[in-house]
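First the structure, in the form of structure tokens, and then the observations on it.
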There are 2 protein chains.
Amino acid sequence: MDFGKSIRIKDIAKLAGVSVGTVDRVLHNRGRVSDSALQKVTAVMNQIEYKPNLIARTLGSNKNYRIAALIPDPTLDPYWAQTNLGIIQAQKEWSQYGIIVETIPFDLYNKESFHRIAREVIDDGPDAILVAPIFYYESVSAFELFQLREIPYILFNTNILEGKPLGFIGQNLTQSGRVGAQLMNLGQHEPATFAILHIDEDVHDSIHLLEKEKGFREYFKEQQKSKFEIVDLSLNPHQITFDDQMRSLLERVDLKGIFVSTSKGTAVAASFVETYGKSDIRLIGYDILQENLKYLKSGTIDFLINQNPKRQAQLGISHLANHLMFKRPAPQMDLFPLEIITQQNVDSYLESGIH
Amino acid sequence: MDFGKSIRIKDIAKLAGVSVGTVDRVLHNRGRVSDSALQKVTAVMNQIEYKPNLIARTLGSNKNYRIAALIPDPTLDPYWAQTNLGIIQAQKEWSQYGIIVETIPFDLYNKESFHRIAREVIDDGPDAILVAPIFYYESVSAFELFQLREIPYILFNTNILEGKPLGFIGQNLTQSGRVGAQLMNLGQHEPATFAILHIDEDVHDSIHLLEKEKGFREYFKEQQKSKFEIVDLSLNPHQITFDDQMRSLLERVDLKGIFVSTSKGTAVAASFVETYGKSDIRLIGYDILQENLKYLKSGTIDFLINQNPKRQAQLGISHLANHLMFKRPAPQMDLFPLEIITQQNVDSYLESGIH
DNA sequence: TTTTTAAATGTGCACGCACACATCTAATTT
DNA sequence: AAATTAGATGTGTGCGTGCACATTTAAAAA
């Protein structure tokens, strides 16, 4: 351990027998350095471990950076409202260092809207972008433009392998489905049916949801004695038939569990389960939203898997800010833990803001 | 939102019509300021929101601070080894800002050792202390000395209400027991016996473990139809009778679940359960230790409640460093979420280092 | 009134880095 | 040999803060 003062540029200069200017040029390789000087400096650099003082570095260059956050309209969806909270919090944290974050909302159910908004963002020319790429093709085309303009960007929530983002922040969705399955399986001794519910206005596009289903099914397939039947339903709550479909599902006597793949859908399913008094059905869904909280406390929802949208967004902004200010590389993949929330531990999550 | 440059001390000085020196004195209230000047400055301060530039602040004061971490010997216990990892990581993070962290280990099973080591630490005179106060009385007396020497300190892992620490970092242990109970209860339809196991060389002192037990019992008491019997055993694995006691416990046909209150004990219990082929017994314990991991993956352990010793320690050091360097107040109580770990989500926790 | 004294206020510097600019060196041209 | 030039190297300044020190002010003592 090397305690004491850390090495400064000045120290390197002295050791190498050159001026700080020369060391600076070598460090940032801006040329204009003779071979002999370059050798002397690199020789010193190899011997000692120079760690630039990031604090001092930032002080001087008092630049203002603008980050655009491209997310579904937070006023129309509680999940994305959480996301937006994270962005606002990050914005507060970084504002004093000249980082300006602006949320640019698009319509969650309208590809065209995403396409249009993405162009606007690009024309606005921010220094970096945080984007939730809900729509596959529209996102890929947007990425191309980002790269053309050399605007660094980070993906979160949904991963898309095309393009060259700085990184991705989110969860392993297949594994997420497996966690749901395991929780469903626990202590179920009799043959039963489990339902996978996709409740969404526009399901067909959501690779998102299908990955969760895949994991869920995988888990049960791996169990030797698979005494369970698994059915899946994609329902649109705005269709007239929705209520009937839900009712007929809940009337099945063999139904012992429901796994809902969206956070919003979880509350919807819970309300039906409660209405029909089917409290013995194990209900597993997503996220600590206000609506879900109610049903979790009443015992209707047994487990929530927390996707932590707030922290995802907050971390996304942080990574970008670090990239812009300190040239610190963002982690290429930041997979969040698959947090299991129950009636008994939910408060501990709500109280501890940061974690 | 106020974009653009943030306000500097210089700006306040100009607005108040005084010099930066006067503003500085007001901000840090070191006196030597006339009433009129003080009023002018505070008037400005109330109107605008001044956020000192922490970056610049750190640059100037290039002090070296020493933090002592007073914890059980990490080489003798995997749980405390995790703690130590957190300390080492924090030490790395902060080293370049002149924070030096030193781990001072004491013997987990020897009060006298704690007493002695605590005196040594005090005589050494660190700038702050992070302490895991395992032993009640010895800790209280140590706190008095800390306060006498005006050394700020933070508690973690175990809370002790005496003394005036900057804060406490840990978990709500009663609630932790309740989480264990809920997980035990889930899907158990037939009458059964659940055992609470305290496996430790030196149980009698551990308020720690008893709180968990309290929460566990509480939960079942609240359930209306309590068809379960709950027994508790305090066992010392170094006693000759230990094996027999474990065997006779596991031979009970009505035993359907075991809740182990220590991280080390969890692995011990798991080995017995596996040896006697009682894989249908639900086993719930603590912490993602290497040993436990094995049994979690094999399915012997059903749930682990994660106390996150690594992050607790890391955060403790961070709080102290922030206190020393930036005069940022540490949160008085930082309660960690009660993370539920299963076979299916454990990897997601291991992979995401930070969270 | 002049001198002393303490309180009040202002000024200047260091912190480590980045960047602009000034100076120096040596090779090339006139 | 003198002048030009481009490449190499060194110097200086600002960033915002905290703190030491210098200076001013006004009240008290001579």
*asked:* By the definition side chain to side chain contact (heavy atoms under 4.5 Å, CB included), identify the one residue from B:I88, B:T83, B:L130, B:I87 that meets it with B:T103.
replied: B:I87
*Locate the shortest heavy-atom distance separating B:L324 from B:D127; write the atom from each residue and the value.*
CD2-O, 3.7 Å
*Under 4.0 Å between any heavy atoms, over every strand shown, what does A:V20 touch: base, sugar-phosphate, or nothing? Just pick one.*
base
*asked:* In whole Å, I'd like the distance from the CG atom of A:D11 to the P atom of C:dC15.
replied: 11 Å
_Validation row: A:I154, A:H323 side chains within 4.5 angstrom (heavy atoms)_ = no
*asked:* So, OP1 or OP2 of D:dG16: does either fall under 4.0 Å of a side-chain N or O from B:R57?
replied: no
*Per the side chain to side chain contact (heavy atoms under 4.5 Å, CB included) rule, which among B:I151, B:L145, B:V131, B:I129 passes with B:V121?*
B:I129
*Within this structure, what is the NZ-to-P distance between A:K51 and C:dG16, rounded to whole angstrom?*
16 Å
*What closest approach, in Å, do B:P74 and B:W80 show between heavy atoms, and which atom pair accounts for it?*
CB-O, 3.5 Å
*Phosphate contact (C:dT11 OP1 or OP2) by B:S19 side-chain N/O below 4.0 Å*: no
*Under 4.0 Å from any atom of DNA chain C, heavy atoms only: list the residues of residues 25-40 of chain A that qualify, in numerical order.*
A:H28, A:R30
*Could you give the CZ-to-P distance, from B:R8 to D:dT17, as a whole number of Å?*
8 Å
_B:D123, CG atom: more than 12 neighbouring heavy atoms under 6.0 Å_ = yes
_Nucleotide of C:dC19, D:dT17, C:dT9 approaching A:D24 most closely (side-chain heavy atoms)_ = C:dC19
_What is the distance, to the nearest angstrom, from the NZ atom on B:K10 to the C1' atom on C:dG12?_
13 Å
*Bend angle of the helix from C:dT1-D:dA30 to C:dT30-D:dA1 from five-pair axes at both ends, rounded to 10°?*
70°
*CG of A:N53 versus P of D:dC15: gap in Å, rounded?*
18 Å
*Please state how far atom CD1 in A:I12 lies from atom P in C:dA18, giving the value in whole angstrom units.*
11 Å
*Answer yes or no: does a side-chain N or O of A:Y50 lie under 4.0 Å from OP1 or OP2 of C:dG16?*
no
_Less than 3.5 Å apart, any donor N or O on the side chain of A:S141 or A:R119 sitting next to an acceptor on the other?_
yes
*Give a yes or no on this: more than 12 heavy atoms of other residues, nucleotides or ligands lie within 6.0 Å of atom NZ of B:K14.*
no
_Sub-4.5 Å side-chain heavy-atom contact between B:I104 and B:F106_ = no
